[in-house]
Amino acid sequence: MLPMHLSEINLKTDRTNSATKGREEATLKKKSPLQTIGEEQTQNPYTELLVLKAHHDIVRFLVQLDEYRFASAGDDGIVVVWNAQTGEKLLELNGHTQKITAIITFPSLEVCEEKTQLILTASADRTVIVWDCDTGRQVQKVSCFQSTVKCLIVLQRLDIWLSGGNDLCVWNRKLDLLCKTSHLSDTGISALIEIPKNCVVAAVGKELIIFRLVTPTGESLEWDILEIKRLLDHQDNILSLVNVNDLSFVTGSHVGEMIIWNILDWTVQARECNFWDPSPQLDTQQEIKLCQKPNDISIHHFTWDEENVFAAVGRGLYVYNLQMKRVIACQKTAHDSSVLHIAKLPNRQLISCSEDGSVRIWELREKQQLAAEPVPTGFFNMWGFGRVNKQASQPVKKQQENATPCSLELIGDLIGHSSSVEMFLYFEDHGVVTCSADHLIILWKNGERESGLRSLKLFQKLEENGDLHLAV
């Protein structure tokens, strides 16, 4: 079944759509310092798109299955499997009665001869379903949860998976409950990651809880999960939790705190926070900038590479260098609304999506000797917190410019959605996939690559029919 789509739209000639309406309204309310880019986006390869329609409500999740397939899920409770190359709808999985709250793949063990790709989905209907994404068959369903499961994690090495809600449960591939914790919190676990020594980290409100899994031994065949430590360094609810590398993981909170942790001993390696910092030396003539709304500084998502952590903070993007332990570049207003998801692309590029309906591509560049807007090294100063001494700001300006050797430059603006873009996937060969509150999925294609593929197919067809020799 082919997708209902706007076939191969060239973005160079069609960039006006309903998504721009929201931006215009936001601009009327308050003039925005948002960086813009012209119609001729010479460095933006994604000049064609396919619009995929199958969902009837907000599409919140995308998960990559293999090199050419992905699955989408959202508030309509449906999971749809797509072909990333053609945009063809392959399967529709129906089983949940309420919105889907988490989705993850559960690959087969490498030692297994039969390779079956499974998907786990959790829902507000307090169930988890295991799907065979090759056939669309519902393998099994678990309905014994006392609360909504908000996050799922697979520990491939142990061939188990964990579900996080008001408690933390450990399951095997056959969906047998191996062990569980006691009730942790009414707000529930918001994020889970795996760390060494059979441990996991759970974000519960403003706390991080370290759990250790006890695996079966010759003396005991029982599994167990033990609480080892609670980390209480955050001042507000933790919204994002990710592994950075083999040495560190990072957390971000609702009030803009970023903490980088040692993955082995769980100590704080580095911290960037925003605090009100009244300076007694300043007089009454100095400007006072009040704190923005909390969601303007919330850290919604992280991504990383070998050198840096990239943070989506409110409407902005920040690049934190792990070795220097400071911010080296930022775009304070990368979007008109909160940035929800970011990912690193090849060639020092970054992609971000936002509640404003836009998807933007950035390039991390080293500053030459260009006069640029100074970027303070502390997070709170970047967001305009605290008091500013105008007389003292001049000598500090040069110091700040020298302290931030890089900049984020806008090289692409993908306009196609009419509402909040929740997340995206990047396929090296097939482009970028975005999902949105407008119920749509858009497959953004490399126009030059697609044009070459069409030409190749045309020549192959002409050669098969013998028309190529006649034309020559």
Report task. Would you sort out whether Asp224 and Arg212 count as a salt bridge (Lys or Arg N to Asp or Glu O under 4.0 Å), showing the intermediate values? Result -> CA-CA 8 Å; Asp224 201 0; Arg212 175 170 288 131; over 6 Å; no

Query - Cation-pi geometry met for Arg326 and Tyr320 (6.0 Å, 45°) - result: no

Taking all non-hydrogen atoms of both residues into account, name the closest pair between [X] and [Y] and its distance.
X      : Y      : result
Asp75  : Arg60  : OD1-NE, 2.8 Å
Gly95  : Ile129 : C-CD1, 3.8 Å
Phe302 : Val309 : CD2-CG1, 3.7 Å
Gly205 : Thr187 : N-OG1, 4.4 Å
Leu410 : Arg360 : CD2-NH2, 3.0 Å
Asn262 : Phe249 : O-CE2, 4.0 Å

Please check if any side-chain donor atom of [X] sits under 3.5 Å from a side-chain acceptor atom of [Y], or the reverse.
X      : Y      : answer
His56  : Asp76  : no
Trp261 : Thr267 : no
Asp438 : His417 : yes
Ser248 : Gln269 : yes

**Report entry** Evaluation steps, ring-ring contact (aromatic ring centres under 6.0 Å, His included), between Trp161 and Trp171
**Finding:** CA-CA 5 Å; Trp161 58 278; Trp171 309 81; 5.4 Å; yes

Closer than 3.5 angstrom, by distance alone: can the side chain of [X] be matched with the main-chain N or O of [Y] as a donor-acceptor pair?
X      : Y      : value
Asn83  : Gln85  : yes
Ser240 : Thr251 : no
Thr148 : Lys150 : no
Ser298 : His254 : yes
Thr135 : Arg137 : yes
Ser436 : Leu440 : no
Gln331 : Gly316 : no
Gln41  : Asp413 : yes
Ser123 : Asp125 : yes
Asn243 : Asn245 : no

Could you give the distance from [atom1] ([X]) to [atom2] ([Y]), rounded to the nearest 0.5 Å?
X      : Y      : atom1 : atom2 : answer
Met423 : Leu62  : CE    : CG    : 5.0 Å
Leu49  : Leu443 : CG    : CG    : 8.5 Å
Cys151 : Ile153 : SG    : CD1   : 8.5 Å
Leu120 : Leu152 : CG    : CG    : 6.0 Å

Query raised in the report: Between Ser352 and His335, does a side chain to side chain donor-acceptor pair (under 3.5 Å) hold up when you go through it step by step?
Result: CA-CA 9 Å; Ser352 59; His335 291 264; 2.7 Å; yes

Would you call [X] and [Y] a side-chain contact if the rule is heavy atoms closer than 4.5 Å?
X      : Y      : result
Phe70  : Cys435 : no
Thr127 : Phe145 : no
His96  : Ile100 : yes
Glu355 : Leu340 : yes
Lys141 : Val128 : no
Leu91  : Leu93  : yes
Leu414 : Thr434 : no
Glu207 : His234 : no

Using a strict cut-off of less than 4.0 Å between a Lys/Arg side-chain nitrogen and an Asp/Glu carboxylate oxygen, indicate whether [X] and [Y] qualify as a salt bridge.
X      : Y      : answer
Asp134 : Arg69  : yes
Arg348 : Asp305 : no
Lys206 : Asp236 : no
Lys99  : Asp57  : no

If you count heavy atoms of other groups shown closer than 6.0 angstrom to [atom1] of [X], is the number above 12?
X      : atom1 : value
Lys344 : NZ    : yes
Asp246 : CG    : no
Gln43  : CD    : yes
Glu67  : CD    : no
Glu92  : CD    : yes

Requested in this report: Apply side chain to side chain contact (heavy atoms under 4.5 Å, CB included) to Asp429 and Tyr68, showing your working.
Outcome: CA-CA 9 Å; Asp429 295 327; Tyr68 72 95; over 6 Å; no

Sort out for me which residue in [options] forms a side-chain contact (heavy atoms from CB on, under 4.5 Å) with [X].
X      : options                        : value
Phe211 : Leu162, Leu192, Leu226, Thr181 : Thr181
Val339 : Ile299, Leu317, Val313         : Leu317
Ile193 : Leu208, Ile263, Leu241         : Leu241

Query raised in the report: Run the side chain to side chain contact (heavy atoms under 4.5 Å, CB included) check on Leu155 and Val200 step by step: do they pass?
Result: CA-CA 10 Å; Leu155 306 189; Val200 295; 4.3 Å; yes

Requested in this report: With side chain to side chain donor-acceptor pair (under 3.5 Å) as the test, would you mind laying out the steps for Thr121 and Trp131 before giving the verdict?
Outcome: CA-CA 8 Å; Thr121 55; Trp131 308 89; 2.9 Å; yes

Requested in this report: Starting from the C-alpha separation in whole Å, work towards a yes-or-no answer on side chain to side chain contact (heavy atoms under 4.5 Å, CB included) for Trp223 and Thr215.
Outcome: CA-CA 5 Å; Trp223 287 76; Thr215 58; 3.7 Å; yes

Query raised in the report: Using the benzene-type ring in the case of Trp, are the ring centres of His301 and His341 under 6.0 Å apart?
Result: yes

Requested in this report: Quick one: do Ile361 and Leu350 satisfy side chain to side chain contact (heavy atoms under 4.5 Å, CB included)? Show the steps, please.
Outcome: CA-CA 6 Å; Ile361 304 172; Leu350 183 74; over 6 Å; no

